[in-house]
Number of protein chains: 2
Amino acid sequence: MRKLRRHSEVPEATIHRLPRYLEKLKLLQAIGVEDVSSRQLAESLDIKASQLRHDFHYFGGFSRPGRPYQVGKLVPALETIIGVSEPQPVAIIGAGHLGQALANYANMDVQGFPVRGVFDANPRLVGLEIRGQPVRDMDSLEDVISQEGIRIAILTVPAQFAQSVTDRLVKAGIVGIVNFAPTDLKVPKTVAVRNERLAVGIMALSFKVKCILEGDCGIE
Amino acid sequence: MRKLRRHSEVPEATIHRLPRYLEKLKLLQAIGVEDVSSRQLAESLDIKASQLRHDFHYFGGFSRPGRPYQVGKLVPALETIIGVSEPQPVAIIGAGHLGQALANYANMDVQGFPVRGVFDANPRLVGLEIRGQPVRDMDSLEDVISQEGIRIAILTVPAQFAQSVTDRLVKAGIVGIVNFAPTDLKVPKTVAVRNERLAVGIMALSFKVKCILEGDCGIE
DNA sequence: AATCGGGTGTCAACCGATTGACAGGCGGCG
DNA sequence: CGCCGCCTGTCAATCGGTTGACACCCGATT
């Protein structure tokens, strides 16, 4: 990696592709592939090779020119760029069905995001064990976050509680929030939020489905 | 709604905003709001008013010019456009934690997507009741889909089974798939797929978090 | 040693999406 | 009645992302 430009210059669209690159590269690594050309990698991800090179270009010099990328170099480089070169502990707030699903989501650890705290306000859920972790009472939120050095929280509480929980998280020093509640959160500019809205996904799909069923899609 | 252009001309980015418009408008409707200007609506969604008008412009004539939008007109119009003017039954394939979370996801029905079939290959899960619905054996997949007229499937099976299940779904007449498996599915062009990759979301967030922690974000 | 095939880095053209500007409609008020 | 403020529909300018083209590099092969 030659020279890292300021992160702020990396376009949003590129950022969203980085995890996919990493994912695929880890897969290749696992099956013993050492070299991979931009074309191979791009095709397997269904994107254009020029785009992939363009993306990598933001970070510069992953390969000696004229030679394909070396998986063994690329993986740690991408991990560093993305920020998972060492495990990022995360907290899950809300141990409802979705929260439990995520806490159980096998790859969480493997992907570099070990779950270090699951919280819920419902006393009935508190104490329950999920993947060897107890569901904790919301009271301990701040303590656990600071003790474990957690920077990222996953929010799976009902929409009506999302904002107040968020405020607590921000105060407790959380820097990034993955928000599954169907609400827009208000946070200071120093906190990053990513909204995962399940319902939006299925509706956008529904539009296309309608489109297909009505033969209205531009496929002649 | 004056004159509907071909759906294929509606930009992707607009499509992804439509569900958010609908969501917010339903909310407004619920609290009795009748009129809403593009500025109000846009601000509450954190987008520019001009963009909102531009989006609506693809479908034309939601309001008499010079007058604000009427919530009561807009909601059904959007529902028709998105394709949820009548309930779209969906199937969930894979009754693991994520599948169960989605099946339980309260708003599914309300959003216009009643779950009409939950399937799993694991005999231990088959028969389990989720929200009054039994988990069914994969054997009955095709039958249920055709009997219930299901067009949309939500895929929450492990990655290794995703493609073979997809092939069955396509054969059974499914037209849209929301894919939660971390794999790219191969489908005919007449089937729409939307990938929801949970891990990608958290990684993209991690990049920004790193960015914030390193003071490298362009915020001077 | 020269050549060839395949590779990356880089740039400029292209394309789609966002934004700002403004013409024209409507209702309320003096 | 005429004006004023607020509104939408629409278009043009702008911005960001994608794509294709090409210069240059490398190792293998003749």
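Just so we're on the same page: letters track the sequence lines, and every chain starts at 1. Keep in mind that this is a model prediction, so the values were computed, not measured.
Atom P of nucleotide D/dT8 and atom OH of B/Y21 are separated by 13 Å, given to the nearest angstrom. If you measure from atom CG of B/D35 to atom C1' of D/dC7, you get 11 Å, rounded to the nearest angstrom. Distance B/E9 CD to C/dC15 P: 16 Å, rounded to the nearest Å. Look at CZ on A/R39: it is 8 Å from C1' on C/dG6, rounded to the nearest Å. Rounding to whole angstrom units, CG of residue A/D46 and C1' of D/dT19 are separated by 15 Å. Atom CG in A/D55 sits about 14 Å away from atom P in C/dT8, given to the nearest Å. Protein atom CZ of B/F56 is 15 Å distant from nucleotide atom P of D/dC7, rounded to whole Å. Note: CG (B/L45) to C1' (C/dT18) measures 16 Å, nearest angstrom.
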Candidate pair B/L198 and A/F180, rule side chain to side chain contact (heavy atoms under 4.5 Å, CB included), full reasoning: CA-CA 11 Å; B/L198 266 15; A/F180 282 89; 4.2 Å; yes
Can B/I154 and B/M108 be said to form a side chain to side chain contact (heavy atoms under 4.5 Å, CB included), step by step? CA-CA 12 Å; B/I154 300 177; B/M108 215 60 173; 3.3 Å; yes
Could you walk me through whether B/E12 and A/K208 pass salt bridge (Lys or Arg N to Asp or Glu O under 4.0 Å), step by step? CA-CA 10 Å; B/E12 201 69 16; A/K208 288 188 192 158; 2.7 Å; yes
Return a single string for nucleotides 24-29 of chain C, one symbol per nucleotide in 5' to 3' order, where B is base contact, S is sugar-phosphate-only contact and - is none, cutoff 4.0 angstrom on heavy atoms. -BSS--
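Ion pairing between a basic and an acidic side chain is recognised when a charged N comes within 4.0 Å of a carboxylate O; B/R197 and B/D184 show such pairing.
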Would you tabulate the pairs of protein nitrogen or oxygen atoms and nucleotide nitrogen or oxygen atoms of nucleotides 19-23 of chain C closer than 3.5 angstrom?
residue	atom	partner	partner atom	Å
C/dG20	N7	B/S50	OG	3.4

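Residue A/Y58 places no side-chain N or O under 4.0 Å from the OP1 or OP2 atom of C/dT10. One finds a side-chain N or O of A/H57 lying less than 4.0 angstrom from the OP1 or OP2 phosphate oxygen of C/dT10. At least one side-chain nitrogen or oxygen of B/Y69 sits closer than 4.0 Å to the OP1 or OP2 atom of D/dG9.
The CZ atom of A/F56 sits 10.5 Å away from the CZ atom of A/R17 when rounded to the nearest 0.5 Å.
Side-chain contact, B/Q51 with B/D55: no donor N or O sits under 3.5 Å from an acceptor N or O.
When side chains are defined from C-beta on, B/L141 counts as touching B/I93, because their heavy atoms get closer than 4.5 Å. Residues B/S44 and B/L41 form a side-chain contact, since some pair of their non-hydrogen atoms from C-beta on lies under 4.5 Å apart.
Distances were taken from every side-chain heavy atom of A/E12 (C-beta onward) to each of D/dG17, C/dT18, D/dT8; the shortest belongs to D/dG17.
In this view, B/K26 and B/L22, B/V75, B/E79 satisfy the side-chain contact (heavy atoms from CB on, under 4.5 Å) rule, not counting sequence neighbours.
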